[in-house]
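Structure first, commentary second.
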Amino acid sequence: MNKGEYTLQRESEFAWRIDPTGKMRVPGVVYADESLIEGMDDKVFEQLANVASLPGIVQAAYAMPDAHWGYGFPIGGVAAFDPDEGGVVSAGGVGFDISCGVRCLRTGLTVDDIEPHKKKLADQLYKHIPVGVGSTGRIHLNDKGMQGMLRGGARWAVEQGFGNPEDLEHIEERGCMAGADPAEVSDRARKRQQDEMGTLGSGNHYLEVQRVAEIYDRNTAAAFGLQVDDVVIFIHCGSRGLGHQIGTEFLKYMVLAASQHKIELPDRELACAPINSELGQAYLGAMRAGINCALANRQIITHLTREVFADVLPKADLTLLFDVSHNTCKVEAHRVQGGERKLYVHRKGATRAFGPGHPEIPETLRAVGQPVLIGGSMGTESHVLVGTEQGADLSFHSACHGAGRAMSRHQASKQWRGRSLVDELAERGIQIRSPSMRGVAEEAPGAYKDVRAVVDAAEKAGLARKVARLEPHVCVKG
DNA sequence: ATGTAC
């Protein structure tokens, strides 16, 4: 199939390859069905080819089934770099919302428990959890608090009384990203964050109360503690102003660094620095502090959610299934051409998906594999998947992260009215609360790809296996 | 994603 100036070779029903041309060092590989490929903007393939031309890239540049056009790297993109081969780290390859991710909580409730209380639940969650552009919370960090948060992540949040130590076992990195260097986080980034802890933010961020609508894999669902009609909560948000400020600042520095290190950038947005350089290390230190910010943020929001449930539905017991980020660069051991190497894996709008037995998965889940949390668009379904063993060879253990946009925000806001969407969804039993009706219009379900097609493609490509489908009942929307 | 432009 031809997409723009690129020719895609069909490797299998769900895998497509762009052979290296021009400055590409490795192939580009896209996991998707034919219809998803057809729907992808030509820009996705151009961006994938650009990523494949960066120094030190290993094996291939990958795009997940939900891939769409992003800043420099495609969203839904995965690229691993070897520091010993001149590999780079890129702020645009992580994304501006550092460690944006999803956390899933079980509630111990069934849909019958919440049905009579949905409006109150929606109102109270909306009242209690700050949401929207520039939203601030009740937490105001001084210098010491900021330092503790940037180093400690969710562990810091638990020490401050937000949640309990058991939560930490079910968060990537056990809630605390090692190697964070707060000294690399600018005063401006700190200032932007000091009143924003425990806030959802805007755009596609949300907190959703959902019902388990269907189980695909009974054994894994049992291991995850999920059954049909159970109520679960998805929290989708990131590192707010802090992550954005870090991304913005380092992007500028990386444009200069790339030129100093004689790295040819096919696109300025791919600005990067060698991993083994002062700036590369500084970014990694700052980015890891950003990861801790996002982990702490989701931990505090969890605490606020527990407070609301204790009030509205006191028999609820909110326990953490898992917390996984989808905008990161992480050092991981991967087998490449027979040998094991330490690679810097960029996942931008892509979820880590470790298979069964992986040492970094919490012990209680290790036998089955890592939960892969896929947030659908507002008013549509979400999915829980599980990592596979073959994911190691397919995508450095990565899968999709959501439905993926099919239409720009601008286009969506012209096509839908927020108020009517909220009313239509309410008629279908879905309570939406949002400070921005324009935001709701931009996030219209119709502006996204079909999430079921995305997870089906991820499963059939072997990236992850479907476990459960979730349908929304209450959504607090950024 | 984002004090939706510094």
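Residue His244(A) contributes atom NE2, which lies 13 Å from atom C1' of dC6(B) at whole-angstrom precision. Nucleotide dC6(B) holds its C1' atom 7 Å from the CZ atom of Arg188(A), rounded to whole Å. dT4(B) atom P lies 17 Å from atom CD of Glu443(A), rounded to whole Å. For the pair Asn297(A) CG and dT2(B) C1', the computed distance is 14 Å after rounding to whole Å. In this structure, the CD1 atom of Ile98(A) is 12 Å from the P atom of dT2(B), given to the nearest Å. The distance between atom CG of Leu251(A) and atom P of dC6(B), rounded to the nearest whole Å, is 12 Å. The separation between Glu196(A) atom CD and dT2(B) atom C1' is 9 Å, rounded to whole Å. A straight line from CD1 of Ile246(A) to C1' of dT2(B) spans 13 Å, rounded to a whole angstrom.
Here Gly238(A) lies out of heavy-atom contact (under 4.0 Å) with every strand. If you check every strand for non-hydrogen atoms under 4.0 Å, Gly478(A) touches nothing.
Considering only side-chain N and O atoms, Thr248(A) lies nowhere under 4.0 angstrom from the phosphate OP1 or OP2 of dT2(B). Contact annotation: Arg409(A) side-chain N/O to dT4(B) OP1/OP2 distance is not under 4.0 Å.
Glu38(A) has no carboxylate O lying under 4.0 Å from a charged side-chain N of Lys3(A), or vice versa, which leaves the two without a salt bridge.
Under the 6.0 Å cut-off for aromatic ring centres, Tyr31(A) and Phe14(A) do not qualify, their centroids lying 6.0 Å or more apart.
Between the side chain of Glu208(A) and the main chain of Ile233(A), no donor-acceptor pair closer than 3.5 Å is present.
Counted by atom type alone, Ser325(A) and Arg298(A) present one or more donor-acceptor pairs between their side chains at under 3.5 Å.
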